[in-house]
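After the structure tokens below, expect a handful of questions from me.
So that the names make sense, note that chain A is the first sequence line, chain B the second, and so on, each numbered from 1. Only heavy atoms go into these numbers, but all of them, side chains included; no hydrogens, no water, no symmetry mates.
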Number of protein chains: 2
Amino acid sequence: MKNHLKDLRARRGWSQQDLAERLEVSRQSVNAIETGRYDPSLPLAFRIAEIFGMRIEDIFQKG
Amino acid sequence: MKNHLKDLRARRGWSQQDLAERLEVSRQSVNAIETGRYDPSLPLAFRIAEIFGMRIEDIFQKG
DNA sequence: CGCCGAAGTCAAGTACCCTTTACATTCACA
DNA sequence: TGTGAATGTAAAGGGTACTTGACTTCGGCG
């Protein structure tokens, strides 16, 4: 799965730490998802979509 | 997370086994998701949404 | 009643998500 | 220079997703 989380985050001027706090996960988790080391759980994907005001499918794609 | 997977599946006349084969997971996994024992991974949630032609948010909800 | 498909659940094992702690790198800037 | 913020990565551990195999229960039907 691919995602443009890094773009979305940077576009708001947030550090990985900032986003991690909003998501209530560790900074390392945000980094791992951004760098594609693993996919978020479904509940975390929902929180991510909610924070950016987008649909899950608009943030994450297969491939 | 809640979902109406059971309704969607039954509406198409599929058994848990039928859906499991389409999703390429075990029957027990389908059962566990339907009965709320755990949430699917994000990639599996994508396959589920794809099979039913719906958005992830329309199948799964927080709560 | 006896049989069978469907559903629900348990146990044990593997793999992955997410944590904390820690360390290295890069870059802006005093 | 060097100090600090941001990022990337690693190791070890807890909890969860998913597996196979087996057992139970339920309903429909001969």
Side-chain angles (χ1 to χ4, degrees):
Chain A
M1 307 237 11
K2 294 210 166 293
N3 70 76
H4 34 273
L5 199 55
K6 184 168 185 152
D7 286 340
L8 292 169
R9 176 179 60 78
R11 204 166 295 153
R12 290 175 209 228
W14 293 345
S15 68
Q16 291 181 347
Q17 180 65 40
D18 292 334
L19 178 56
E21 283 168 10
R22 288 170 202 265
L23 292 171
E24 296 182 313
V25 296
S26 67
R27 178 185 66 85
Q28 287 80 349
S29 289
V30 169
N31 182 288
I33 294 166
E34 282 191 357
T35 58
R37 287 215 303 284
Y38 55 71
D39 299 319
S41 66
L42 186 57
L44 180 51
F46 265 82
R47 299 207 296 281
I48 292 171
E50 191 175 344
I51 283 183
F52 289 108
M54 301 173 71
R55 284 179 282 161
I56 291 177
E57 286 90 344
D58 293 332
I59 301 179
F60 299 91
Q61 302 94 25
K62 306 188 164 190
Chain B
M1 306 237 11
K2 296 213 165 290
N3 69 79
H4 33 274
L5 200 54
K6 182 167 186 156
D7 287 340
L8 292 169
R9 176 178 60 76
R11 204 166 295 152
R12 296 180 201 223
W14 294 344
S15 67
Q16 291 181 348
Q17 180 65 41
D18 291 334
L19 178 55
E21 284 169 9
R22 288 170 201 267
L23 291 171
E24 297 180 312
V25 295
S26 68
R27 178 185 68 84
Q28 287 85 344
S29 288
V30 169
N31 183 286
I33 294 167
E34 282 192 358
T35 59
R37 287 216 302 284
Y38 55 71
D39 299 319
S41 66
L42 186 58
L44 180 50
F46 265 81
R47 299 206 296 280
I48 292 172
E50 192 175 344
I51 282 182
F52 289 109
M54 302 173 69
R55 283 178 286 158
I56 291 178
E57 286 91 344
D58 293 332
I59 302 179
F60 299 90
Q61 301 95 25
K62 305 187 164 191

What's the CE-P distance between Met1(A) and dC17(C), to the nearest Å?
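Between P of dC17(C) and CE of Met1(A): 11 Å.
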Between atom CG in Leu5(B) and atom P in dA6(C), what is the gap in whole Å?
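Value for this atom pair: 17 Å.
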Taking 4.0 Å as the cut-off, does a side-chain nitrogen or oxygen of Asn31(A) come that near to OP1 or OP2 on dT7(D)?
no
Whole-Å distance separating the CG atom of Asp18(A) from the P atom of dA6(D)
7 Å
Nucleotide nearest Gln16(A) when distance is taken to its side chain, options dT7(D), dC17(C), dT19(D)
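Selected nucleotide (nearest to the side chain): dT7(D).
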With the side chain of Ser15(B) defined as its heavy atoms from C-beta on, choose the nearest nucleotide among dT19(D), dA7(C), dT19(C).
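In terms of side-chain proximity for Ser15(B), the closest of dT19(D), dA7(C), dT19(C) is dA7(C).
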How many Å lie between CZ on Arg47(B) and C1' on dC18(D), as a whole number?
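The distance from CZ of Arg47(B) to C1' of dC18(D) comes to 11 Å, rounded to the nearest Å.
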Give a yes/no answer on whether the side chain of Ser41(A) brings an N or O atom under 4.0 Å of OP1 or OP2 in dC18(C).
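So the side-chain polar atoms of Ser41(A) do come within 4.0 Å of the phosphate oxygens OP1 or OP2 of dC18(C), strictly under.
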Just wondering, do Phe60(A) and Asp39(A) contact through their side chains at under 4.5 Å, heavy atoms?
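Side-chain contact under 4.5 Å: no.
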Phosphate contact (dT9(C) OP1 or OP2) by Arg37(B) side-chain N/O below 4.0 Å:
yes
Contact under 4.0 Å: Thr35(A) side-chain N or O vs dT7(D) OP1/OP2
no
With a 4.5 Å cut-off on side-chain heavy atoms, are Arg55(B) and Ile56(A) touching?
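Side chain of Ile56(A) against side chain of Arg55(B), heavy atoms only: no contact under 4.5 Å found.
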Heavy-atom side-chain contact between Thr35(B) and Lys6(B) under 4.5 Å:
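Thr35(B) does not reach Lys6(B) side chain to side chain.
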CG of Leu19(A) versus C1' of dA6(D): gap in Å, rounded?
14 Å
Distance below 4.0 Å between Lys6(A) side-chain N/O and dG8(D) OP1 or OP2
yes
Decide salt bridge (charged side-chain N to carboxylate O under 4.0 Å, His left out) for Arg47(B) and Glu24(B); before the verdict, give the C-alpha distance in whole Å, the side-chain angles of both, and the deciding distance to 0.1 Å.
CA-CA 9 Å; Arg47(B) 299 206 296 280; Glu24(B) 297 180 312; 5.1 Å; no
Atom CG of Asp39(B) to atom C1' of dG15(D): distance rounded to whole Å?
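Taking CG of Asp39(B) and C1' of dG15(D), I get 13 Å after rounding.
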dA7(C) phosphate, OP1 or OP2, under 4.0 Å from Arg9(B) side-chain N/O:
yes
Could you give the CD1-to-P distance, from Ile48(B) to dA17(D), as a whole number of Å?
12 Å
Can a donor-acceptor pair be found, under 3.5 Å and without considering hydrogens, that links the side chain of Arg27(B) to the backbone of Gln17(B)?
no
Any N or O donor-acceptor pair linking the side chain of Gln28(A) to the base of dT7(D) at under 3.5 Å?
no
What integer distance in Å separates Tyr38(A):OH from dA11(D):C1'?
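The distance from OH of Tyr38(A) to C1' of dA11(D) comes to 14 Å, rounded to the nearest Å.
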For Arg27(A) and Glu24(A), take the nucleotide of DNA chain C holding the closest heavy atom to each; which residue's nucleotide lies nearer the 5' end?
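With Arg27(A) and Glu24(A) compared, the 5'-side residue is Glu24(A).
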